[in-house]
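Notes follow once the structure below has been shown.
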Amino acid sequence: MYEDELIFLEKTASIDIFEYSEQGIKTILDSPKHYNHGIMIRAAKLSREGFYSLVKYNSSYMLLVPLEKNKGLILSPKIDSLNNSESSFSNIDFINHSTSLAKLTYFLYTKESAPNWNLVIYNLNEISDPVQQVQPMKNLHAFHRYANKMVDYFAQLDDKKFKLYINKMKSCQVFGDALTTSNVIRGEKDILIDIISKLTDRSEKEGLPFEKDVFIQSVSVQKIELQANILNFSGWLEEIPYAYFNELKKWRENLFIDKADKIERYLKINSRENIKLKDISNELEISEQSLNTIFKKKYGTTIKRYLTQLKIENAKELLTTTELKIHDISEYLSFVDESYFISTFNKACGVTPSKYRQNYIEKLLNKKVYEYDSCAFKIAEFI
């Protein structure tokens, strides 16, 4: 194993690397991570020998790299708080580089050349036959019918039917010269740009602000045109529509909530970031000078204090559910430095983060001892 190179890969690609086997999930490097053990076990069961596998869960992906039967690697993008179109763009980047990333990780871990396997994509919440990435063109007319239906349900924000018609589009297997061009790569790009055009036009009709509509369109088209090859076409076909869906959903929800609630929602979504009043003002289009007045009138505290409370709650969860070091938690929650995190936590909770974790562990141990003693007493009484 080229350990130093794997550490460098984790940092540069912004991923965490794990190993799965019949014994469970473990990190292959020394640094402990905050991860969902249960989801990774479920994802690992989908791994197939002879294939690299992308597994979608919630709004993110994991990449499975088999090493041998019932053993392999899981590559997971680092935890992120994005909850809008930017998360889809991040997913698109991960999808597009997944095959090369899988091969590089395989080589660094095994010190052997990586197999030239195809990629398959699964949705963890909708287990079905995988979508393979090497397919012939088939049934262009059905594809366009499904695309138009997808756009209709996008406008209605009907997530279930929106997703249904995206899956129908993927099942049509429209690739290559589908749009009357002999250039395979150009054909795939044109299909995606046509979808973007449909969604952009409908977004405008539905009232999505012009600047948001154009931003998604320009970023999506730019990402497509910069690709030498459109790898993992089905992944692009899903993530681009969801960039529009998430933005329209967020915009409509904001129409029906007051300004204080908009601020509170923004703080919750971005609670691990180092948020400035200017950031909130730019995002919500509320004057910077009036933000605290609006927020305090409804929530009885300043934005800074409320954000600190959210960070402390996040810190408590990380302290009790992970083995992350205090420094790592401080960095993850965007505190100025570890000392400031410790003093802020101590002021809010009456104990340092380390003591809070220690108290939690002792409480768990005492509970287990009590349950054991109680069970033993009942058995003795029964006998």
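Position 1 is the first residue of the sequence; numbering continues from there.
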Next on the checklist: In terms of relative ring orientation, are F341 and F335 parallel, tilted or perpendicular, with 30° and 60° separating the classes?
Outcome noted: tilted
Checklist entry - If only atom types and distance count, is the side chain of K311 paired as donor or acceptor with the main-chain N or O of S271 below 3.5 Å? => result yes
Checklist entry - Is the shortest distance from a Lys or Arg side-chain nitrogen in K250 or E247 to a carboxylate oxygen in the other one below 4.0 Å? => result yes
Next on the checklist: Going by the rule salt bridge (charged side-chain N to carboxylate O under 4.0 Å, His left out), which residues pair with K198 if we only count those two or more places apart in sequence or in a different chain?
Outcome noted: D194
Next on the checklist: The criterion is side chain to side chain contact (heavy atoms under 4.5 Å, CB included); which residues satisfy it with T293, sequence neighbours excluded?
Outcome noted: none
Checklist entry - Can you list the residues that meet the salt bridge (charged side-chain N to carboxylate O under 4.0 Å, His left out) rule with D261, with sequence neighbours excluded? => result K298
Next on the checklist: With side-chain hydrogen bond (donor to acceptor under 3.5 Å, both in side chains) as the rule and sequence neighbours excluded, what pairs involving residues 340-358 come up?
Outcome noted: Q358-E362
Checklist entry - If you round to the nearest 0.5 Å, how far is CD1 of I342 from CD of E338? => result 4.5 Å
Next on the checklist: Under 6.0 Å between ring centres: does that hold for F245 and Y242?
Outcome noted: yes
Item to check | With sequence neighbours excluded, residues passing side chain to side chain contact (heavy atoms under 4.5 Å, CB included) with N274 | outcome: K276, S334
Checklist entry - Would you say the side-chain atoms of S203 pair up with the backbone N or O of L199, donor to acceptor, closer than 3.5 Å? => result yes
Checklist outcome for this item: By side chain to side chain contact (heavy atoms under 4.5 Å, CB included), S113 pairs with (sequence neighbours left out) none
Checklist outcome for this item: To the nearest 0.5 Å, atom CG of L67 lies from atom CD of E112 at 9.5 Å
Item to check | All side chain to side chain contact (heavy atoms under 4.5 Å, CB included) counterparts of A43, not counting sequence neighbours | outcome: V55, M62
Next on the checklist: Going by the rule side-chain hydrogen bond (donor to acceptor under 3.5 Å, both in side chains), which residues pair with Q23 if we only count those two or more places apart in sequence or in a different chain?
Outcome noted: S21
Next on the checklist: Looking at K316, I'd like to know if its NZ atom is crowded, meaning that more than 12 non-hydrogen atoms belonging to other residues, nucleotides or ligands lie closer than 6.0 Å.
Outcome noted: yes
Item to check | Audit row: L277, S281, side chain to side chain contact (heavy atoms under 4.5 Å, CB included) steps and yes/no | outcome: CA-CA 6 Å; L277 290 180; S281 175; over 6 Å; no
Checklist entry - Can you list the residues that meet the salt bridge (charged side-chain N to carboxylate O under 4.0 Å, His left out) rule with E19, with sequence neighbours excluded? => result K26
Checklist entry - Does a donor on one side chain and an acceptor on the other come within less than 3.5 Å for N116 and K103? => result yes
Checklist outcome for this item: Output for pair (N118 CG, Y52 OH), nearest 0.5 Å, gives 10.0 Å
Checklist entry - Taking the side chain from T308 and the backbone from K304, do they hold a donor-acceptor pair closer than 3.5 Å? => result yes
Checklist entry - Can you tell me how far CG of D213 sits from CH2 of W251, rounded to the nearest 0.5 angstrom? => result 10.5 Å
Next on the checklist: Considering only residues two or more places apart or on different chains, which pairs with a residue in residues 303-330 satisfy ring pair (Phe, Tyr, Trp, His ring centres under 6.0 Å)?
Outcome noted: F295-Y306, Y299-Y306
Checklist entry - Mind checking what makes salt bridge (charged side-chain N to carboxylate O under 4.0 Å, His left out) contact with R202, not counting sequence neighbours? => result D152, E206
Item to check | E273 backbone acceptor or donor facing N270 side chain under 3.5 Å | outcome: no
Next on the checklist: Between E10 (side chain only) and I17 (backbone N and O only), is there a donor and an acceptor less than 3.5 Å apart?
Outcome noted: yes
Next on the checklist: In terms of relative ring orientation, are Y106 and W117 parallel, tilted or perpendicular, with 30° and 60° separating the classes?
Outcome noted: perpendicular
Item to check | By side-chain hydrogen bond (donor to acceptor under 3.5 Å, both in side chains) - contacts of S98 (at least two apart) | outcome: N232
Checklist entry - Please walk me through it: do K56 and E239 pass salt bridge (charged side-chain N to carboxylate O under 4.0 Å, His left out)? => result CA-CA 11 Å; K56 182 166 186 177; E239 292 304 323; 3.0 Å; yes
Checklist entry - Same cluster for V65 and F107 if Ile/Leu/Val/Met/Phe/Trp/Tyr side chains link at under 4.5 Å? => result yes
